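Comments concern the structure below.
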Amino acid sequence: MIIKFVLKNIYKIVMLSLLILFSRLFQIGYKIDNFNYLIIILIYSFTLIIYWFYKIILKKTIYKIIITSFSLIIILILSFLYVHNPYTLIYNSFVNNFINIRSAYLDSFSIDFFMLIPFLIIIIPTTIIIIFSFKDRVPFITLIVTLPIMYLLWYNNCSLKLYTNIYIMLSCFDLGINIHFSSLRKAKRSNYKFLISLNHNILYVAIMVVLTASFTHFAGETFGIKSIKEFNDDRRAAIINEVNSIENIYGLANSGYGSNSYILGGPIKINYNLAIKVKSSRPLYLRGKVLDYYDGTGWSNNSDDYYMFNTTPTSKLVKSEEIEISPQTLVTSTLLAPLNTFSVVSSGSNVMYNNSNIFMVGNKSNVTIPYTVKFALNEDEKLDNDVAYGKDISEKYKKYLQVPNNITPKTYNLVNALLKDCKTNEEKIDKINKYLIENYKYSLQVSNVPKDNEFLDYFLFTEKKGYCTYFATAATIFTRIAGIPARYVEGFSMDNTMDTNGVYLVGNNRAHAWTEILTSPSNDAWRTFDCTPGYLDNNQEHKVIIPSTNSKDIKTKDGETQTKAVKNNRIKKLPIINVSFLFIILCLGIALFLLVLGMFFIRIKRWMKNRNKILGCNGVIPLYYYSKKRLNTIGIRWSATLSDEEGALGLKDEELRIHFINIVKVFYEEYYGDTFDKSFNKLLFYKYLEEYVKKNSGFFKYYYYKIK
């Protein structure tokens, strides 16, 4: 009894297995929390009930239309009676949820399962009903629907090594079962006994499934199965390993701030050489490096992975600005850019970026040619209330609250005493800024920090003077102790020094360190926070040493001098692969394939309709004209000057000639005598004709003309 039930409902069981498989893949690929498979099964069960009701109970189309219309009217009335604002409910359930889901996915956060339920209630029944409705006529409809989903999951970095085998097994079962039942229905319509039982067919399918899955597993182990993100990561790693451009990322050492950019403190000498030129409407902070981890000696990064960068579109509602930066004597692979940059274009180079939106060229050369940068303007960004920085702050920002264990109690006491009366984060920032500027002096003449001293403690309570790295470190740690996420930044702070064309001249003397504070965790918004005395107002001008040579020589790290032209010739051009473009091409290819497939099925449906019409009518006239048309596809035709009987007698193949003489005789009686010969077996003649045409034409030619 149980076996009979399983065999009868094997297709529904396979479909449920596929649904659970895809649910699991989406759970992994999109980091879905609180996933509930029971809800998935309930939605599937409800879909089966609806499908059964419409197919078995409401057989006539008019009944289906009436019941559907009546149900929609009832739902509409109830929504207006019991829901205060149906539009708001729909908007919150779908639009808001979609925005939140998309935002969480783009920020690599997890997605709560219950946010997906409104979409699942629509997507799952629609997909299942489409598959069930077409499976009788299109045995591989499940493959058509599910294969693009597998591509989508592969594109979104879902590991498919194990699940590919499961998908192939279930798809083979699905296809085998569909073909079996399709053949069974055709046999019944043709009054043939179908000799192959479902039990035997499933056994054959199972053998094929095992063989296919074994081969797939072997191929996966041998060649590997990677997602599009894994391909990009491998490509990024290959670029970085091959050219070592990550070794040349910007740091203050590039601008003469000592030989070791990691160890803070110690006296330095200003380098006034022209570093870059900037076409801009105003002075800006140009970011070159963002660091998040402080250990009491210097700053570093917990992780500094770089990814291939594609320009991010920005809303027309957001104010933006474009600048052009031309490297001069600065030797680095970093592409300097302001905060909130969304577009970096460097001709002939792969642009890469890290999680802090620091950009670099992904090839062997340093940045040697001008590049353009577009950034959004978020002026006067106010900090969120303290509640936004509480215990529930996202994992993404916890690293920006890190404070080392060696920070002294004196430092904590100082910060706590300074901020004890502050009620908002904005007040805390103002207090920190005012305190550091008014109580400490800017100076390059500082002593080396003693080996056993924590850098910040030495600056605050012993040295009491310093340059930008001192003030940036103090500001960053002060704000972190106050509970405000902050990060340490190195780059350039432009002033008003310009050439005669109004282009800003930025020397190494403007190399700078400052702090960025998180103003809104929900929007991932940051703000520049600079406590270094003399850097708050960039209207001053400074002397910049401009190289006198006209060849625009660039000095490399090892002291060798190369012209730009020579250096550019040595740049290894790497092809730029736009992942979004590839995905669009893939989608268009799938869409084109589905369109062709759709046209193919429409033609098949039309052919089946004509076939049924030819075999179902009383006479043989439609069958006779069809037979002449089919013979014409293999080059058998007779002249219009010959009668039908003469044409049949002229056929070379004896068996074909006999069949055509018989049908011509019946055709004449029907056409001229208006009598129907019911003894003529149309189905037998039709099958013989198709077998003859198939035997005398190629596979593709036969089926092409058959459904044309």
Side-chain angles (χ1 to χ4, degrees), residues 98-100 102-109 250 276-292 306-326 334-347 349 351-361 367 370-384 388-389 394 396-397 400 425-426 429 479 484-494 503-504 506 512 514-530 535-536 538 578-580:
F98 177 78
I99 292 170
N100 292 333
R102 183 176 181 275
S103 177
Y105 172 70
L106 292 176
D107 290 335
S108 299
F109 294 161
Y250 181 77
I276 56 174
K277 290 184 178 181
V278 183
K279 290 181 182 178
S280 173
S281 63
R282 58 195 172 88
L284 298 164
Y285 282 88
L286 301 176
R287 306 158 82 240
K289 180 185 284 187
V290 173
L291 303 168
D292 55 55
Y306 278 80
Y307 309 92
M308 301 305 296
F309 177 74
N310 295 306
T311 294
T312 306
T314 186
S315 170
K316 292 180 180 179
L317 300 176
V318 176
K319 290 183 180 180
S320 62
E321 194 171 307
E322 180 175 314
I323 62 173
E324 182 182 277
I325 300 175
S326 303
T334 299
L335 295 156
L336 302 167
L339 186 63
N340 302 319
T341 290
F342 60 85
S343 172
V344 179
V345 179
S346 179
S347 177
S349 299
V351 178
M352 307 186 76
Y353 77 108
N354 63 12
N355 292 326
S356 302
N357 252 29
I358 295 297
F359 304 92
M360 77 170 186
V361 288
V367 184
Y371 54 96
T372 57
V373 174
K374 290 182 182 179
F375 60 98
L377 300 174
N378 290 333
E379 298 176 352
D380 301 324
E381 184 88 33
K382 297 296 181 183
L383 274 74
D384 281 353
Y389 303 93
S394 166
K396 181 178 179 180
Y397 300 113
Y400 300 117
N425 284 327
E426 202 66 53
I429 292 299
T479 51
I484 302 171
R487 55 195 185 191
Y488 175 90
V489 187
E490 293 180 352
F492 285 87
S493 171
M494 295 165 56
V503 176
Y504 285 93
V506 185
H512 190 46
W514 64 90
T515 302
E516 285 177 354
I517 52 174
L518 182 67
T519 57
S520 174
S522 57
N523 297 321
D524 191 28
W526 296 81
R527 188 176 84 190
T528 300
F529 178 41
D530 193 352
Y535 276 84
L536 294 177
N538 286 327
N578 188 317
V579 176
S580 300

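Source: prediction; values computed, not measured.
Put simply, the side chain of Tyr371 does not reach to within 4.5 Å of the side chain of Phe359, judged on heavy atoms. The side-chain heavy atoms of Ile358 and Lys289, taken from C-beta on, include no pair separated by under 4.5 Å. A 4.5 Å side-chain heavy-atom check between Val278 and Leu284 finds every atom pair outside the cut-off. Between Glu324 and Pro370, some side-chain heavy-atom pair lies under the 4.5 Å cut-off. Within the 4.5 Å cutoff, no side-chain heavy atoms of Phe529 are placed close to those of Arg527. At least one side-chain heavy atom of Leu339 sits less than 4.5 Å from a side-chain heavy atom of Trp526. Looking at heavy atoms from C-beta onward, Ser343 lies out of side-chain contact with Glu322 at the 4.5 angstrom threshold. No side-chain heavy atom of Arg487 sits less than 4.5 Å from a side-chain heavy atom of Tyr397.
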Thr341/Tyr353 under side chain to side chain contact (heavy atoms under 4.5 Å, CB included): CA gap, chis, key distance, verdict: CA-CA 11 Å; Thr341 290; Tyr353 77 108; over 6 Å; no
Full working for side chain to side chain contact (heavy atoms under 4.5 Å, CB included) between Leu286 and Ile276: CA-CA 11 Å; Leu286 301 176; Ile276 56 174; 3.7 Å; yes
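Expressed to the nearest 0.5 Å, how far OG1 of Thr479 lies from CD1 of Ile517 amounts to 7.0 Å. In this structure, the separation between CE on Met494 and CD1 on Ile323 is 7.0 Å, given to the nearest 0.5 Å. For the atom pair CZ (Arg287) and OG1 (Thr528), the distance works out to 8.0 Å, reported to the nearest 0.5 Å. Between the CG atom in Asn357 and the CG atom in Asp524 there is a gap of 8.5 Å [rounded to 0.5 Å]. Interatomic distance, Trp514 CH2 to Phe492 CZ, rounded to the nearest 0.5 Å: 9.0 Å. Between the CG atom in Leu291 and the OH atom in Tyr488 there is a gap of 7.0 Å [rounded to 0.5 Å].
Ring pair His512/Tyr285 is tilted by interplanar angle, where 30° to 60° counts as tilted.
Scanning all heavy atoms of the two residues, the minimum distance from Leu336 to Gly288 falls at CD2-CA, 3.7 Å. Here the shortest heavy-atom pairing between Val373 and Ala337 reads CG1-CB, 3.9 Å.
The backbone N or O of Arg282 lies less than 3.5 Å from a partner atom in the side chain of Ser280, making a donor-acceptor pair.
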